[in-house]
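Step one of this worksheet: look at the structure below.
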Amino acid sequence: MEEESTSEEEDDDVEEEVEEEEDEAEEENDADQDDRTASNAQAGPSGQREKITISLGKKGLVCHVCGKKGHCAGFVGSVYHDCPFKPCYLCKQSGHTTMTCPFRIAPEHGCRQASGICSDGMLAFVRQRELSGRRQDMHIEQNDWLVDSAVLKLHSRRCTCLEFHPTKDNIVVSGDKKGQVAVWDFEKCASASSDGLCKVFDVETGFDTVVLNMNPDGWIPGVTNERTWVMLYGLDVCTERQLIIAGDNKGKVYFADARTNKEIAQHQLHKKGNKVNTVHVNPMNCNLMMTGSNDWTARIFDIRAMSSSVGGSSSNGNSGSKSDGEPMEVACMDHPKVVNAAYFSPRSGTKIMTTCIDNRLRIWDYILSASDAPDREIVHSHDFNRYLTPFRAEWDPKDAAERTVIIGRYISEDFGGAALHPVDIMDASTGRLLTQLVDANLSTICPVNKPHPRLDVIISGSSRSLYAWRPVSKDGEEDSERAKVAAEKKNKAAPSSNHYVSYDADDAATEKKKRKAASAAAVQEDEGVPAGKGKGKKSAATVFSEDDTPPSKAKGGRKKKDDDQPEGKKRKK
DNA sequence: ACGTAATGGGCCC
DNA sequence: TGGGCCCCCTTACG
């Protein structure tokens, strides 16, 4: 907002000042930098932008990134200009900015093959042939997906996770930073929600059962503090073993029996004081579990040793009982930074993909080589860790070849005058960007994305809202409308129109309740404190059962919004 | 149209 | 081991 307006103003200033100050600038000691930024601007899509030499025009300003004078990092219209004195935001190397990063323009995102694979011989030959064969269809498709529907401000805090209903195709469940759970029917564009601690939640009835409560005494002012309060992060359910497995912010992993909803074990599997961000049970072998953690590792465990204790006496409190046998660590994948996510491939369970905040996705093609270096590292922009839910790359379970992965992108790109943050669909085997999802209706960053297990639907969680993407049909009547929208978007990034169905969960009626509830629960507003205690709290959305009428604003099913653009910046040029 | 708070990781002492 | 400080393109609200 702020940046938009300033840069727009300054655009004009700049054009004028450039002429005046050109000579002077040559003598500045940072003239090189200016030149470089200038050429960056030229590289932009708009030819007219060549003249906008931001660095020169902002000579009097101080760069808020490095504090030096003579240039100013920030948006010029929809194009962000890096501070030239900082390492590249994308690959982290010095000497260039994001705009000119070799990884950014590399066809395969800087995908680096492991040495073993690149070695001479038949394998290398076949691989080379594969790659060069594939390069022919290299164009990146865009605009073949659009946001089809959305629930805006569904959550009171940013969305942190998404899961589809196992059988109901139209139902997606989302969780937020506050521990609240929402259920969204993206066909009807209506939603239900419930406050949650660490619970099993029945989507049908709305009832929940507490499974794990790591803070049984609740928050005692003066006694409890941020250090002692336990929060849960990674979570997975092994249906075969009827196990619920959750990781906390202290490096511990908890195991609960899904039949009794009781904790049966807890183990310190990661370095103390570090979050266990994800837990994933191998889809083909429930003895194997993988965790991704803030201790810069992803680890694979064999849980057979402890699983014999299922049904045994439950450990409690801080005993950290290890008497039942600890999960055996079978591999530890070291990373140079925090591991946001570590997932087995969804079908065979053979491949491994990790999302690390060093801006790289790492792929191991075989579990057996997990102790070695990854087979591939793909440079991809997803490193922002403040303000946003950590990015997590997800496998597309529909892809039998287990190559398609999806991840939101942090760094924005200029799409016809709008700075948008695409959701990327990539090939984990080559590092190639297959498709980038952009829609003028979605201008905020999407750290959480989930491909539907059966349908051509992708749900994105962005800030407090959820969005459902669908492909633009290549044929049929609908096509013209959506194609038009896409074209419109491409050219002007104007808020697209008819296809877009949204429901603002934060409507006036519920807002009232929310305020009331919020003030009543003001003490718990701290995000570190799960909202479980505040049971009566109302969510932004109205609760409805499947056959009920959707909440007031969405009455009558789909509601068309012609003129509305949801949350977020509208960067126009 | 502004101003600003919430927020998490990393590093240094 | 802990407090303090820095930081990168945020987002929503007042």
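Below, read A as the first sequence line, B as the second, and so on, with proteins coming before strands; counting in each chain starts at 1.
- Checking dG10(B), dC9(C), dT7(B) against the side-chain heavy atoms of I357(A) singles out dG10(B) as nearest.
- Taking only side-chain nitrogens and oxygens, K177(A) comes nearer than 4.0 Å to OP1 or OP2 of dG8(B).
- The nucleotide whose nearest atom lies closest to any side-chain atom of K92(A) is, among dT7(B), dT10(C), dC8(C), dC8(C).
- Inspection of the Q268(A) and K252(A) side chains reveals no N or O donor paired with an N or O acceptor under 3.5 Å.
- Rounded to an integer number of Å, the gap from K250(A) NZ to dT1(C) P is 14 Å.
- Rounded to whole Å, atom C1' of dC7(C) lies 11 Å from atom CG of D383(A).
- Look at dC9(C): its glycosidic torsion is beyond 90° from 0, and that puts it in the anti range.
- One interatomic measurement links the two molecules: CZ of R157(A) to P of dA6(B), which rounds to 10 Å at whole-angstrom precision.
- Nucleotide dT7(B) holds its C1' atom 7 Å from the OH atom of Y387(A), rounded to whole Å.
- Side-chain contact annotation: R158(A) with T389(A), donor-acceptor N/O pair under 3.5 Å present.
- Between Y233(A) atom OH and dT7(B) atom P there is a gap of 11 Å when expressed in whole angstrom units.
- Look at S463(A) and you'll find a side-chain N or O under 4.0 angstrom from OP1 or OP2 of dA12(C).
- Phosphate proximity of dG9(B) to N294(A): present, with a side-chain N or O under 4.0 Å from OP1 or OP2.
- Which of dG10(B), dC9(C), dT11(C) sits closest to the side chain of K337(A) comes down to dG10(B).
- Using a 4.0 Å heavy-atom cutoff across all strands shown, I445(A) reaches sugar-phosphate atoms only and no base atom.
- What separates CZ of R386(A) from P of dT11(C) is a distance of 13 Å, to the nearest Å.
- Ring-plane geometry between Y89(A) and Y80(A) is classed as tilted, the angle between the planes lying from 30 to 60 degrees on a 0 to 90 degree scale.
- Residues passing the ring-ring contact (aromatic ring centres under 6.0 Å, His included) test with Y410(A), sequence neighbours excluded: F384(A).
- Checked against ring-ring contact (aromatic ring centres under 6.0 Å, His included), F391(A) has no partners two or more places apart in sequence or in another chain.
- OP1 or OP2 of dG9(B) sits under 4.0 Å from a side-chain N or O of K275(A).
- Between the P atom of dC6(C) and the NZ atom of K86(A) lies a distance of 12 Å, rounded to the nearest Å.
- Between the CG atom of L388(A) and the C1' atom of dT7(B) there is a distance of 10 Å, given to the nearest Å.
- dC11(B) and dC9(C) are spaced 23 Å apart, taking the C1' atom of each and rounding to whole Å.
- OP1 or OP2 of dG10(B) lies within a sub-4.0 Å distance of a side-chain N or O belonging to W296(A).
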